[in-house]
Amino acid sequence: MKLALRWQVLLLGFVLGTSGAFAADTPTPSIQAAPLAQRPGHAGIASANALATEAGFEVLAKGGNAFDAAIAVASTLSVVEPESSGLGGGFMATLYMAADKHSVFIDARETAPAAVNPKDYLNPDGTPNRDTALKGPLSAGIPGEPAGLVWLAKHYGKLPLTASLAPAIRIAGGFKPDERLLGSIREEQKNIERWPASAAKFLPNGNAPAQGEIWHDPDQAHTLELLAKYGDSGFYSGETAKKLVDAVRQAGGDWTLKDLASYRVKERTPITVDYRGYKIITAPPPSSGGVAIAEILNILSGFDLTKLDQAHRVHLVVEAMRRAFRDHNDYLGDPDFVKMPLDMLLSPYYADGLRQTIVPDKATPSSMLAPSNASDPGMHTTHFSIIDADGNMVAITATVNYVLGSTFVADGTGVLLNDEMDDFALVPNKPNVYGLLGSKANAPEPGKRMLSSMSPSIVIGPDRTAVIGSPGGSTIITQVLEGILAFIDGGDAHQVVAHKRFHHQYMPDVVTVEPGAFDATTSDALTHMGYTLKQREPWGFMNVVIWDRRTNKLDAASDPRRQDGLGKVQ
Ligand code: GLY
């Protein structure tokens with residue numbers, strides 16, 4: 001009788017998925033879990049610059065919410081970190097509204113001007129012209145960031161734009177640039193010198209400002225004032241629009257006033273994926289990031305990574321990355337222009353099929369998968385994360401694409417234009433600046449948004465929540481993925497941003513590895529499985545805020561590879 005009862009308990013334990021031995025031998029304690037916090041009561045912000053983080057807190061102190069703070073952070077970054085993002089670029093944002101537990105995705109990505117002409121990006125001999133793709137006004141898409149800021153204020157903020165933009169306007173009146181900005185100016189000095197308004201802004205005395213020197217950006221302050229006062233029409237029509245179009249056309253570009261007046265922010269449904277009891281809310285197309293992250297997590301959900309040694313864990317993650325990147329290269333583009341098989345790509349059954357193709361203990365050469373026409377975006381971008389006292393959350397990744405974008409400043413505006421046109425597959429099957437190929441789904445067309453890797457994400461777990469993202473071109477996707485896995489494994493904000501990285505993107509068929517990511521045993525095992533490992537300098541600039549709803553503590557951290565201490569809670 002006693003034995004029969006024990007078997008019944010064991011069987012019940014098995015059916016419930018618990019350990020039979022535990023169920024039979026240990027009385028289950030009745031744990032009364034403390035109720036989870038409903039609102040943090042304080043706020044956390046992590047961005048790439050201390051002045052931007054402070055600007056966010058300043059606006060929260062004025063009664064703003066996370067979305068007003070996001071406007072303050074993004075506009076301040078336009079002034080103090082122009083090498084990465086700004087009014088002349090675009091952003092993507094994942095928002096979570098605590099009041100109704102609703103999330104939404106804001107697409108303020110740049111668009112191609114109506115006169116876009118693929119021939120402008122070709123040399124006479126038909127080879128890609130890297131200069132027009134990356135420098136000067138032809139490389140610039142119609143900016144989305146100003147419209148995105150207006151949209152955030154109008155639909156989600158509590159404060160008028162005049163309040164949320166006030167810190168950026170004040171800081172543009174005089175601030176000390178950090179070494180990263182000064183280094184970027186020195187790096188791009190030759191290109192900056194090609195355009196008088198760019199030189200006037202970035203080389204005030206013929207050279208980059210000296211360290212510690214106060215720098216003034218009065219034209220951008222004025223442009224921000226017009227935006228604050230008039231909203232969309234303060235940028236997309238009237239004085240600023242005319243100056244932008246005149247400057248672009250005089251320098252050989254093809255923008256029109258109509259391009260600017262027609263720019264629209266798109267509100268989209270984020271991609272959501274469930275993984276190990278966590279809900280990941282992330283970027284839909286025209287970012288490739290969320291689709292790839294979801295596909296990778298769906299593949300990985302069929303394995304118990306926690307039971308594996310590092311080499312086998314990395315093997316499975318790399319194989320999932322390889323398969324997701326192959327798809328991203330082939331199918332994805334602007335959803336308003338391209339029909340994409342998203343139902344298939346996001347389906348768990350599709351992931352089941354891909355999982356079956358992973359060989360235990362052996363790398364799958366990318367050449368064995370169906371060939372793809374690859375496409376991939378650029379490296380210089382910024383990300384910030386915010387959670388406010390009510391539990392509203394925002395993850396924003398913003399960009400001008402390559403370092404200092406096109407290096408072209410439109411005279412009289414202080415606006416540095418992006419070089420996002422290079423994120424299109426400008427020349428089919430020809431590598432872009434990062435040596436990668438492009439596909440038809442991402443070919444340039446009038447008014448179309450270029451594919452991005454930006455992956456601003458919010459992860460809601462049973463008792464902890466994270467707001468996460470990073471710059472880094474195609475590595476954005478794998479960084480955010482690995483950050484999410486580190487968070488789900490229990491990492492705090494510092495552990496998540498500091499987590500060592502590796503990256504695979506289908507082509508080239510190489511695993512790039514940050515120094516110290518793998519020990520010798522793991523490297524040897526992976527090499528034995530057939531992987532080519534290539535060490536590369538650390539990459540990314542991840543900024544994360546985590547809310548532990550059990551203790552009601554916020555935790556914010558910035559990437560120690562770039563600058564520690566930029567995450568703050570107060
Ligand atoms: N320009 C970088 C990206 O959008 O992914």
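Note that this is a predicted model, so its numbers are computed, not measured. As the structure lists them, so they are numbered: ligands from 1, and atoms in each ligand from 1.
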*Asks:* Any ion pair linking D178 and R180 (charged N to carboxylate O, less than 4.0 Å)?
*Replies:* yes

*Asks:* Can you find an N or O of T381 that's nearer than 3.5 Å to an N or O of ligand 1?
*Replies:* no

*Asks:* In terms of atom number and element, which parts of ligand 1 are under 4.0 angstrom from non-hydrogen atoms of N401?
*Replies:* 1 (N), 2 (C)

*Asks:* By number and element, which atoms of ligand 1 are closer than 4.0 Å to a non-hydrogen atom of R109?
*Replies:*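 Contacts of ligand 1 toward R109, numbered from 1: 4 (O).
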
*Asks:* Can you sort out which atoms of ligand 1 are near D423, meaning under 4.0 Å from one of its heavy atoms?
*Replies:* 1 (N), 2 (C), 3 (C), 4 (O)

*Asks:* Could you tell me if S78 and Q220 have a donor-acceptor pair between their side chains, going purely by distance under 3.5 Å?
*Replies:*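 Yes - a donor-acceptor pair under 3.5 Å links their side chains.
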
*Asks:* Using heavy atoms and a 4.0 Å limit, tell me yes or no: is M450 in contact with ligand 1?
*Replies:* no

*Asks:* Using the test side-chain hydrogen bond (donor to acceptor under 3.5 Å, both in side chains), find all partners of Q495 that sit at least two apart in sequence or belong to another chain.
*Replies:* none

*Asks:* Going by the salt bridge (charged side-chain N to carboxylate O under 4.0 Å, His left out) test, which pairs reach into residues 282-295, not counting sequence neighbours?
*Replies:* none

*Asks:* Is it the case that R501 and T478 place a side-chain donor and acceptor less than 3.5 Å from each other?
*Replies:* no

